[in-house]
Amino acid sequence: MTADDMLQPVDDAARRLAKSLLRGERTAALGTLETATGGPQVTRVSVATAMAGQPLFLISSLSPHFGALEADSRASLLLGTPGKGDPLAHARITVFGRAHRLDGEARGQARCRFLRRHPKAALYADFTDFAFWVLEPERASLNGGFAKAYALTAGDLLTEISAEVEGMEEGAVSHMNEDHGDAIKLYAEVLLGQPPGDWQLACIDPDGLDLVCGDRVARLWFDTPLSGPEALRPMLVDLAKRARAAQS
């Protein structure tokens, strides 16, 4: 029996788990190839995601990983936080791909999404030695626990994005946080069962919302993907109504 014989067929549940790990984790282990030896080296990085789901991270040019990626863009990210009990019984995913620095408009978009997930990073994000990077996935290895191994493609991980949907995010996030904090609180605490707190909307994508409260991240999935910007408001209103009904 080979390792491939242990793989399970990739289904919607596996794709949802993989995307949940990508969207929901705050940190990851970044693997790169050491410049001097070509051997593997690993470090911990804070992560967010681009709207389509590609992992984003912020690193300093003073770190060995920065130079390693400039010399060889191949990299991997391991995401998944162990809970109680056997750490190997908890889900994790390794994403393999190539990383590149972000500049111009792409950097600005990554900066917004990253800092809404990691607001304290604003203290150093604009230092001249720091840069935002994106890992463009080529494949992934998902382990959902014992006997739950899957080999995923980039298509299993990423969400198709239209320019119209991408362009509406910044305004929608600001509007919700400024004017509809009560609804965001309902999303987190009623629909997702999260502890009470100062919940904020961090990111929007066609598949759902990322909510944050301090170091906590909660993912709220839409029942159906957004068809366009015009579908967002009715969907958010419906989610709030559903949460208020659940409180009754």
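Below, each value reflects all heavy atoms present in this structure, side chains not excepted, and no hydrogens, waters or symmetry copies.
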Hydrophobic cluster identity match, [X] and [Y], side-chain contacts under 4.5 Å:
X      : Y      : value
Leu56  : Trp133 : no
Leu232 : Leu239 : yes
Leu102 : Val45  : no

Assess whether atom CD of Glu105 is packed by more than 12 heavy atoms of other residues, nucleotides or ligands within 6.0 Å.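 Atom CD in Glu105 is not packed in, count stays at 12 or less.
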Please check if atom CD in Glu160 has more than 12 non-hydrogen atoms from other residues, nucleotides or ligands closer than 6.0 Å.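 For Glu160, atom CD is not crowded (no more than 12 foreign heavy atoms under 6.0 Å).
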Are Thr27 and Arg44 close enough, and set up right, to give a side chain to side chain donor-acceptor pair (under 3.5 Å), and what steps lead you there? CA-CA 7 Å; Thr27 64; Arg44 178 178 292 139; 4.7 Å; no
Test applied, ring-ring contact (aromatic ring centres under 6.0 Å, His included); reference residue, Phe114; option that passes from Phe132, Tyr124, Phe130: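 Passing option: Phe132.
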Tell me if a side-chain donor or acceptor on [X] pairs with a main-chain N or O of [Y] at a distance below 3.5 Å.
X      : Y      : answer
Asp179 : Met176 : no
His118 : Val47  : yes
Arg92  : Gly80  : no
Arg242 : Leu191 : no
His175 : Glu170 : no

Checking side-chain polar atoms at under 3.5 Å, does Asp129 have a donor or acceptor matched by the opposite partner on Ser61?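 The answer is no; no qualifying pair exists.
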Gln54 and Thr49: side chain donor to acceptor below 3.5 Å: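 Side chains of Gln54 and Thr49: no pair found under 3.5 Å.
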Can Arg139 be said to sit on top of Phe96's aromatic six-ring, NZ or CZ under 6.0 Å from centre and within 45° of the ring axis?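 Satisfied, under 6.0 Å and within 45°.
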